[in-house]
Amino acid sequence: MKKGIKNLLQLVSLKFLITAAVFLVSLFTFSFIAHEAVYEREDIFDDKVILFFSAHSSPALIEVMKRITFFGSTTFLFPAYLALIAWHLSKKRIQYAIDTAVIALSSTAMMFALKQFFHRQRPQLPIIKGVSGYSFPSGHSLSSFIFCAILMYLAWKGNLSLTQKYLLIAFLFLFALTIGLSRIILNVHYATDVIGGFCFGMVWVIMSFAIFKKIRKNTKTGNTDIVS
């Protein structure tokens, strides 16, 4: 019995350490990019990435990226969030619906606030037209990562087999990365915008889940929340 409790405590501690390490690395990377690429305008890395994709992007690849980038847009994510919230409500999982709505609204508000704060201009000569707003961080990268992270969590907590969970989580993670990559290939964002978006998305997801878990623990609502 004591050995089982000790092993459980060790597992929880390891989980906490890994989460804390990912949070700190993501926060540091975001801060580093914001200072070096945005404030100091160190654009060597971004220029190399732009040149690479300019030389290796085919018309077929560009057409594929135009379709993939749609899944990181508000046009897709807004109804997708509404559908996810409605699904939770239909299952009478009220807390899941509330937590999902809070993460969606708060992350969107922070994304726009960061763009206004940094005021970074987008790359010149974008492949797709009609793109407006500031460049850092990439809203598509940030928003798609957070949405996929919510789906990853729900998949992990679901009734799928362990293999199915790993496959679905891997697919969602790679899909979010591909959406971010599409923004670089279409030349509407710098590579550092996309990396910064992913890093801040990671920070916001971890912080939001931790806050939700703390609130549920303090209010003793049990295990009905998204971070139970």
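The first residue of the sequence shown is numbered 1, and numbering continues consecutively from there.
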Legend entry - Side chain to side chain, Ser135 and Gln121, heavy atoms closer than 4.5 Å: no
Inset, instruction - Verify the neighbour count for atom CD of Glu63: are there more than 12 heavy atoms of other residues, nucleotides or ligands below 6.0 Å? - result: yes
Inset, instruction - Treating Ile, Leu, Val, Met, Phe, Trp and Tyr as nodes and any side-chain heavy-atom pair under 4.5 angstrom as an edge, say whether Ile150 and Tyr166 lie in one connected cluster. - result: yes
Legend entry - ring-ring contact (aromatic ring centres under 6.0 Å, His included) against Phe173, all qualifying residues, sequence neighbours excluded: none
Inset, instruction - Check whether any side-chain heavy atom of Phe45 sits under 4.5 Å from a side-chain heavy atom of Ile195, and report yes or no. - result: yes
Legend entry - Side chain proximity check, Cys148 to Met152, heavy atoms < 4.5 angstrom: yes
Inset, instruction - Mind checking the CG-CD1 spacing from Leu142 to Ile179? Nearest 0.5 Å is all I need. - result: 12.0 Å
Inset, instruction - Please indicate whether Leu162 has more than 12 foreign heavy atoms, meaning atoms of other residues, nucleotides or ligands, lying under 6.0 Å from its CG. - result: yes
Do any side-chain atoms of residues 16-39 form donor-acceptor pairs under 3.5 angstrom with protein atoms, and if so which ones, sequence neighbours left out?
from, atom 1, to, atom 2, distance (Å)
Thr19, OG1, Lys15, O, 2.9
Ser26, OG, Val22, O, 2.8
Thr29, OG1, Val25, O, 2.7
Ser31, OG, Leu27, O, 2.9

Inset, instruction - Nearest 0.5 Å please: distance from the CG atom of Asp47 over to the CD atom of Glu42. - result: 11.0 Å
Inset, instruction - Take Thr178 and Phe71 through the side-chain contact (heavy atoms from CB on, under 4.5 Å) test and state the conclusion after the steps. - result: CA-CA 10 Å; Thr178 305; Phe71 293 99; over 6 Å; no
Inset, instruction - Flag yes if Ile50 and Phe136 sit in one hydrophobic cluster, no otherwise; membership is Ile, Leu, Val, Met, Phe, Trp, Tyr, and two members link when side-chain heavy atoms are under 4.5 Å apart. - result: no
Inset, instruction - Kindly determine whether Phe209 and Trp204 satisfy ring-ring contact (aromatic ring centres under 6.0 Å, His included), including the steps that lead there. - result: CA-CA 8 Å; Phe209 282 10; Trp204 199 253; over 10 Å; no
Inset, instruction - Starting at CZ of Arg93, measure out to OG1 of Thr100 and round the result to the nearest 0.5 Å. - result: 9.0 Å
Legend entry - Minimum side-chain heavy-atom gap Tyr96-Lys91 below 4.5 Å: no
Legend entry - Main-chain N/O of Ser54 paired to Ser57 side chain as donor or acceptor, under 3.5 Å: no
Inset, instruction - Show your working on side-chain contact (heavy atoms from CB on, under 4.5 Å) between Leu154 and His88 and close with a plain yes or no. - result: CA-CA 11 Å; Leu154 294 174; His88 286 318; 3.8 Å; yes
Legend entry - Heavy-atom closest contact (Gly180 atom, Phe198 atom, distance): CA-CZ, 3.9 Å
Inset, instruction - Return yes if some donor-acceptor pair links the side-chain N/O of Arg122 with the main-chain N/O of Val188 below 3.5 Å, else return no. - result: yes
Inset, instruction - Measure from the side-chain N and O atoms of Ser143 to the backbone N and O of His140, and report whether any donor-acceptor pair falls under 3.5 Å. - result: no
Inset, instruction - Nearest 0.5 Å please: distance from the OG1 atom of Thr163 over to the CG atom of Leu168. - result: 12.5 Å
Inset, instruction - Can you establish whether the number of heavy atoms outside Phe70 located under 6.0 Å from its atom CZ is more than 12? - result: yes
Legend entry - Heavy-atom neighbours of Lys66 NZ exceed 12 at 6.0 Å: yes
Legend entry - Partners meeting ring-ring contact (aromatic ring centres under 6.0 Å, His included) with Phe117 (sequence neighbours left out): none
Inset, instruction - Using modelled atom types only, decide if a donor and an acceptor are shared between the side chain of Asp193 and the backbone of Tyr190 within a distance under 3.5 Å. - result: yes
Legend entry - Any donor-acceptor N/O pair, Asn187 side chain to Leu125 backbone, under 3.5 Å: yes
Legend entry - ILVMFWY network linking Leu114 to Leu105, side-chain heavy atoms under 4.5 angstrom: no
Inset, instruction - Provide the closest heavy-atom pair for Thr108 versus Ala104 in the form atom of the first, atom of the second, distance. - result: OG1-O, 2.8 Å
Legend entry - Non-hydrogen atoms of Ser141 and Val194 that approach each other most closely: OG-CG1, 3.3 Å
Legend entry - Separation of Leu172 CG from Leu177 CG (nearest 0.5 Å): 11.0 Å
Legend entry - ILVMFWY network linking Leu82 to Leu151, side-chain heavy atoms under 4.5 angstrom: no
Legend entry - Test item: Val49 and Phe52 side chains (from C-beta on) under 4.5 Å apart, heavy atoms: no
Inset, instruction - Can you see which heavy atom on Pro137 is nearest to which on Gly196, and at what distance? - result: CB-C, 4.1 Å
Legend entry - His119 side chain to Gln116 backbone, donor-acceptor under 3.5 Å: yes
Inset, instruction - Please round to the nearest 0.5 Å and tell me the distance separating atom OH of Tyr81 and atom CD1 of Ile146. - result: 6.0 Å
Legend entry - Cluster overlap Leu84 with Phe78, hydrophobic side-chain contacts below 4.5 Å: no
Legend entry - Considering all heavy atoms, the nearest Ala191-Asp46 contact: N-OD1, 3.2 Å
Legend entry - Val205/Tyr153 under side-chain contact (heavy atoms from CB on, under 4.5 Å): CA gap, chis, key distance, verdict: CA-CA 10 Å; Val205 165; Tyr153 184 87; over 6 Å; no
Legend entry - Heavy-atom donor-acceptor pair, Arg120 side chain to Tyr134 backbone, under 3.5 Å: no
Legend entry - Between Ser144 and Arg183, a side-chain donor and acceptor under 3.5 Å: no
